Each structure stands twice: as structure tokens, then as C-alpha cells.
Amino acid sequence: MMLTVQNLTAGYGTAQVLHGADLTLDQGRAVAVLGRNGVGKTTFVHALMGLVRPSSGSIRLAGRELSGLDTRRIARLGVRIVPQGRRVFRSLTVAETLEISRSPGEWTVERVYQIFPALAARRRHRGDQLSGGEQEMLAIGRALLGNPRLLLLDEPSEGLAPRLVEELGVVLAGLRATGISVVLVEQNLRLALEVADEVRCMVKGRFVYGAAAGEFAGDGAAIAAYLGVGS
Amino acid sequence: MRFALLALAVALAAGCGGAATQQAADDSVVKVGAIISQTGVYSALGDDMEAAMRLYLDEHGGKLGGKPARLVVADDAGTPETGQQKARQLTLQDQVNVITGLIASPVAVAVAKEAAAQKTPVVIANAGADALGGPGVFRVSYTNYMHGYAAGRYAAESYGKDGAVLMGADYSAGTETLKGFAEGYAKGGGAKPLKQILTPFGKTQNFQPYLSQIPAEAKFLYVFYAGGEAITFAKNFKQFGYDTKLKLLTCQNITDEDVLQAIGADAEGITSVGLYSPALDNPENQAFTAKWKAKTGKNPSAVALQSWDAMSLIDQAAKRGGDLAQALGQVGEIASPRGPFTLDAKHNPVQNWYVREYSGGVNKVIATIAPEAS
Amino acid sequence: MSLLVNAFDGLAFGALLFVLAVGLTLIYGMLDVLNLAHGALYMAGGYIAYLLLGGASVSLGLWAGAALLVAALGVALGGVLSAAILPLRGRGHLDQALLTLGLAILLSEFLLGVVDRGFHTLPPPDGLDGSVLGSYPLYRVAVIAAGLVIGGIVYWIFERTRAGALVRAAVDDPGMLAAIGVNVARVRLSVMLAGCGLATFAGVLGLPLLNLRAGLDSEVLVLALIVIVIGGLASIRGAVVGALLVGQVQTVGVALAPELAAYLLFAVMAAVLLWNPSGMFGRAR
Ligand SMILES: Nc1ncnc2c1ncn2[C@@H]1O[C@H](COP(=O)(O)OP(=O)(O)O)[C@@H](O)[C@H]1O
Ligand SMILES: [Mg+2]
């Protein structure tokens, strides 16, 4: 098992957000985490990354306990995040961001420029001068250059034009071939199903539904219940 | 925040610790309370002040007016509030017979008020504010006005009757001194000064922009600065080459002992008007400078001389006996290292002023300005 | 002509202020610590150099050597300061600022105790004690040159090197920087150390310009704070522009409106803040 999360709780101050989340993920597989706004999806991936301290429960990465480690240690163990809202370094150029994100491994700056040619054209531009799509590419490139075993993506399609979401789907689907494990938080069902092998739905800080991606695609009632109408 | 309050409380407690116990009045000793800046901006002057007072006592067998004397020193930290509080403590708890010291004028004003309320006489050893005074207040230093006035009279005589520019720090000592200068200069037949340049007090780190205000037709410059500003002014004046363009006359503070070392070579040749010079040729001064040098290795500063004389005045008054406040006004001529002086009706000194030129490590006396015949 | 001299002189003070303020602004921007000990570090630099060189005029080499040694001591003091602040992380700005203020008082009183409470200066090193063009002090030209060199180096490191990118990233988003595996605490510590080293170095550089005395620490601290308020937090460009502006206000401004000299600096600061509350190059935080 690449990732095993058991009975994870976390929150902010006295407000508890995660109420015992469980999740397992095999190496090289992708799981989509779905759920309405405010159920705790971001808190969940932040807890995995150490950006939020879990208050109890365990997070094991290839058998190694992550819960309680700080963000840098977790990153060193091979976890990267593409956060919601991208959070690119606004005063760093594209080239600088990729440079400080580098680590030894298959992913190189050149390879990032290959899958995102738009970034190559903007390498001298600062983070805050990029379009939303370019920022998303930069955030993904930044994460890939860490050559992670586990990649966490938090609503990467948010705010992107449909054409860009499609491109993003191609890139993310392509990642599966590399053996990387992916947790993809998404509201865009099409993208989620295109990328993920499995689906987990979160309600009030707990996973209440799990299915293979194909199975979920046919389950209209579940889609309506966990994602809201029209998705 | 709680930690901050705690720290503050500790600091306050440390500062106010050691409450003195009430002491009974004792006629067999003369108790002198000295309010001196031991901390704060004037602490360097405070060191000289205390040293001079202790030197006087040591040289006079620890006695004033024949009685054993005790010097109680209190730190005013340079602020009127602290000064007033210390004055109350000295009069009520320590029951001193007289208060002396007092470097900064605002402190002296607050202390004089408190002392008047407690009916304790005050001998001011430095503060120069013109308005400072009262029936129980005696001054052995000088008023700012007289300091400038003497220089003005001299300038009219030796620097020409026109082309004067005045410059000084914008606070009471500066403006009072410059006002005295302008009036002394006019009295000597000098024309109205071309310009008066005032600089923010205590904040000026660079006099170049102010020096550049001096009009081209200026013939000479009279300046008032003390302490750190005196150093910066003297250096800037020389560094920007003004010494080759313009004659300079200064107040005594610019070449006083507390700043000379820091000014260094740039002090060479500066002419100033002051009430004292270590180079004065009289027996009192020779004795005084020798003792001071033996103790500190330096020339005595104006503050050291004034503090010595403050003790000397108290000594003479105590010798007369009776009510000390009354006696202080009846001492008559005091033989001082600065030359003999008396106190006028307002208890301010009537004294010689000296034109001094700094050269070879000492302020040489080049002229004497005798008191105006009244 | 005279205004030109004023303006040039403003550059000299601006250069000195920049060297002092750049560390303060980066430390505040990155560590979120308002280092009120920055003025005391400046003062420490001056007093240590004075103790080392004895107040006498010395050769340029010896002088530069002393300046470098003092900068190294500043780095060490920065280490002490960091260690002292560490337990207060997350305790809020006021607690940390108060702690640095307390340390500043300790440091400056210690220096005054070791030397004395009187006034001291150091003449410029041999060769820089003359004047140019008849009547402009050569040392001030040297201060401008030193400011340019240091400013250039700082700018280059900050904008053109990997280390600088890490520092900027730590200002932008420390959480994400940690999330790519970078030791943010170490980046912060380096900035603290470098900033403190620059502050003590500025103390040596300013020695022939500003007298050593009690109260020097708070005087320069206020100026540095005004520089970063004007320029904006955590911005090198802000520190440059703020320092140059303060320098010009105190020379050209004073020469043009001498009767307003005491208020000019605060008027300019207020004007900048009305125009942009985060300073000229600051970002809303
Ligand atoms: N930094 C925070 N401080 C306090 N509450 C937060 C914070 N971030 C999120 N929350 C709250 O936690 C809950 C879950 O938020 P989040 O994990 O962002 O949900 P999702 O990503 O599923 O939309 C929400 O009620 C949100 O308001
Ligand atoms: Mg979210």
C-alpha cells in the first residue's frame, strides 16, 4: 500500500473538520476525492502534506508514519502538493520556481517545459504575471520536479477555461504511466473520472462512499447526493 | 502581552527600589543633595559634575563651612518628572540643607519649584534658562542670554559691524543664546544679523543643508550647539571647507572638554566665548586644574568648574552661619578658578567672559570681556 | 549648485540608511519579527570598531579589516538574537518586538558601560579624509560608493541567485516553500544573520558621520523604520527608494524649507502612506 490513512481527524483551533477519514491507495493508482464545498477535502490533503497538523489518526506512506512530521520532512519523503488556488511564488520567475523545486530524478526542468510548452515561453515572467492556466501548469511542474511518490492535487481545474481543463486531463492521465500515486481533489466530475481509477466521496470530514471510477460514473444517485445536481 | 506587563512591572520595581528611610534633621552636618543626570543624554556631563563636587569635598577635608558635609547624589535621568520626584525625596526623606547640580533647564525648573515648596535653597551648577530663578535660587553658571550677549559685544568690536549670521539649535538654550548675541551685538554698534538659521534640536545629524543656507554676503557666523550636535557641527564646518570662507565665533560648548576629543583635529583654531578656560592664569585655577588633572587626567570642563564653584558657594554660605538660603545671597565675591565673581540681584553671576582660541589641546585665552559697567 | 551638493550629500546618507534598513525590512518581511534591536546592532558596530581602532586615524586596509570583523560579529549577534526569539515564535508581534527592544537596551547599555557615556567618533581612514572638488568630504563619496557596491551585491543575490529566489519564495509563501522540501527556518536564519551583519557594518560605515553616544541606537532605528514604512516591507527596491528618499528629504528638503526641517520626514511618510498604506513597494499583507 502506498498510502494508508486511518481514522484521521484534524481541524482549526476548536473547530474540527476531519472526523475520522480513512483512505488507502496503491502505488501507481489515482484516487479522486469528491465532495461539496466545505466538507473538508482541502483540509484532508493539507493534513497529508503536514500543512495542517492532524489531531489523531495515522497517515502511512509506504509504511512510514507521516502524522506529526512537519511539512518539509513529509516533502522529503516524496510527497508534493498542487494546492488549491495554485499558490505560485509571485515574485519568482517561472525559471526560478522550477530551479528551486528541482530534485534528482526523472523529472527535469526540460521535461516540464516539454509537457507545458506555454511555460517555456514564459520562463522569464514572474509568478504574478502569469495567467491562471499558466499558474496551474507552474504549480504542477513545481510538484513534479520533486519527483514525488505521492502527488496531491487540490482542484486543479478550478477557474480554468474548458479547453485548458481538457489539456490538463491529458497531462494528468499521462502521469499514471509513470508509477506515481495521485490523490486528486476535484469538483469537475469529467476530469476526475478521466484521471482517477477510484472515487471517494467526502461528507462532513468523512469518506462515506467508495467505488471504482467506472462504477461511480453510472451511479446517478450517488453523483447527485455527493456532488449536487448538474455535475 | 501578560509577559510584557510583567517585564514592565519588574523594570519599574527595579527602578524605584530601595525606599529610603526617614531621617531626622541634624544640625551638626551640612547635607547637600545633588541632582545629577547619571543616565540619559546628559550623563557624560553628569559624570564631570559629580567628580568635581566630590573633589571639592575631598580637598576641603570633607567639610563645608567647618561642619562635616554629606553629599547625596540623585539621578534625574534627564527628565523633569524624575528630577522633581528626586527633589521631593531629598528634601523630605534625606532632609538636605541645599539642592545643587541640575544640568538641563527643564529639570532645574521642576526642581526649583519643588524646592521652593519645601523651603530648600537651590544652587544651580549648570542650567542656563533665562527665566530660571527665585528668592531661593542661586546660579553659579550663567544665563543663556548672558552667554550670547558677551559674545555679541565682542563680535561687534572684533568681527565687524555687519554681516553677522546666527545659527543654533531650535530650543530654549539655542534661541536664548542667539537672542543674547543679537542684543549684545547691537549694543556694540552692530547691524541686525543677516540671517538666523535654526536647526531642529537633537535631530540634526548633518549640518550641510543648513550651512548651505548661509548667504554669500555673510562675513562671520556665530553658532550655538552643545554635546553631540557641537561635534557634528564642528566637523561639518571644517569638512565642507567653510573655515576657509567664513569667520566663526562659537559658544563655549563647541570646544568644551566633553566634545573636544571627539571633534579631534577639526577643533583646531575654533574661537569661542566662554566663562572659563583651563589656561586661565590665576592661583585658584592653577590649583584647581592641577587637582582635576591628577584625578581625571583631563582638563576641567566648564561643568566641572561650575560644580566646583557650586560647592564653593555653599561652603562660603555655610561659613557665615544662620539661615543657609539667606547666607547664599550674602556671600559677596567668590574666588573662583574662572576669576572672581559675584551674584547680582537676581542671583545670577556677574563675571568675566573669555575669548578662547583652541590650539594645541587647550582653549587659549585671547581676550577678556569684562562685565558691562552698570 | 548648492542644491546639487545637497542632493549629492543626500545620496551619502541614503546609502548609509540603505545598508542599515535593508536587513530590517527583510527580517520583518520574512520572519515577521520587527527587530527593534537593529539600531543597537548599528551602535554595536560603531562602538566595536571604535574599540578596535582606538579612535585614531588608520590605514584603509586596517579599517576595512575592522569593518569585516565587525560584520562577522554582527552575524554572531544575529545568531544570539535568533536563538532568543525562537521560544516566542507564534506569540505575536508585540511580544517579539518587546523582546528585541529589551535585548537592544541590554546591548547598548553594555556598550556604554564598556566605553563610556561620552561622545566619540572615528576619523575617516587615511586617504579618504580629504575632500573633492575643493570642499566636498571624500569620505562621503566613499560611503556612496560603498552603498552602491553593497546595494548591487544585495540586489544581485536577491534577484539573480538561487539563494535569493529561496528568500523571496519564503516571503511569498513559506508554507509552499516547505512543501517543496526547503528548510524555511534555515532560509530565515540566513536572512537574520545577513541583516544583522549589515547593520553592524553600517555602524562602522557611519562612524565618521554620526557620533557615537547614548541614544544613537534609537535615533538610527527610527530612521530605518521610516525607510521601511516608506519603501514597504520585505522589498529591496523599497529599501533603496525609501533610503534615498529619506536622504534627499533630509538634505534637499531641509535646504528648500529649513523652517519645516523637523516635520518634513514625517510629512513625507504620511504622504506616502496616504497614497499607498503598504508603502511604495509594499504589498497588502
Ligand atoms: N484556515 C482555516 N481556519 C478555520 N477554518 C477553516 C480554515 N480552512 C477551512 N476552514 C473550514 O473548514 C471547513 C472545511 O474546509 P475545506 O477543507 O477547505 O473544505 P473543502 O476543500 O472541502 O471545500 C470549512 O467549514 C471551512 O470553513
Ligand atoms: Mg477546497
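These values consider heavy atoms only, across backbone and side chains, with no hydrogens, waters or symmetry-generated copies. If you're wondering where the values come from, they're calculated on a predicted model, not measured in any experiment. Proteins come first, then strands; the chains are lettered A, B, ... in the order of their sequence lines, and each starts at number 1.
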Taken to the nearest 0.5 Å, the spacing of B/Ile231 CD1 from C/Arg213 CZ works out to 8.0 Å
Does any heavy atom of chain B fall under 4.5 Å from the side chain of C/Phe13, the backbone, both, or neither of them? side chain
Check the side chains of C/Asn211 and B/Thr232 for a donor-acceptor pair under 3.5 angstrom, ignoring hydrogens and angles. yes
Specify the closest pair of heavy atoms between C/Thr121 and B/Ala262, including all atoms of both residues, with the distance to one decimal. OG1-O, 2.6 Å
Structural part of C/Tyr50 lying under 4.5 Å from a heavy atom of chain B: side chain
Only residue of C/Thr251, C/Val252, C/Val5 satisfying side chain to side chain contact (heavy atoms under 4.5 Å, CB included) with B/Pro209 is C/Thr251
To the nearest 0.5 Å, atom OH of C/Tyr136 lies from atom CD of B/Gln208 at 6.5 Å
In terms of heavy-atom pairs under 4.5 Å with chain C, the winner among B/Lys238, B/Lys235, B/Gln239 is B/Gln239
If a pair satisfies salt bridge (Lys or Arg N to Asp or Glu O under 4.0 Å) and one of its residues is in residues 216-233 of chain B, list it, with sequence neighbours excluded. B/Asp162-B/Lys219
Counting heavy-atom pairs under 4.5 Å to chain B, which of C/Pro123, C/Gly118, C/Ser135, C/Ser131 comes out on top? C/Ser135
Check C/Ala261 against B/Tyr210 and note the closest heavy-atom contact, atom names and distance. CB-OH, 3.0 Å
Crowding at NZ, B/Lys245 (>12 non-hydrogen neighbours, <6.0 Å): yes
At a heavy-atom separation under 4.5 Å, does C/Leu216 approach chain B through its side chain, its backbone, both, or neither? neither
Please classify the contact between B/Glu257 and chain C as side chain, backbone, both or neither, with a heavy-atom cut-off of under 4.5 Å. neither
Distance alone, cut at 3.5 Å: any donor-acceptor contact between the side chains of B/Asn206 and C/Gln250? no
Please look at B/Asn236 and chain C and tell me whether the side chain, the backbone, both or neither of the residue comes under 4.5 angstrom of a heavy atom of that chain. side chain
Taking NZ in B/Lys295 as the centre, count heavy atoms belonging to other residues, nucleotides or ligands within less than 6.0 Å. Is the count above 12? yes
By a 4.5 Å heavy-atom criterion (distance strictly below it), what part of C/Leu223 contacts chain B: side chain, backbone, both, or neither? side chain
Measure the CD-CD distance between B/Gln205 and C/Glu219 for me, rounded to the nearest 0.5 Å. 4.5 Å
Nearest 0.5 angstrom please: B/Ile214 CD1 to C/Ser2 OG, how far? 10.5 Å
Can you tell me how far apart OG (B/Ser212) and CG (C/Leu256) are? Round to the nearest 0.5 Å. 9.0 Å
Spacing of CZ belonging to B/Phe207 relative to CG belonging to C/Asp9, to within rounding of 0.5 Å: 12.5 Å
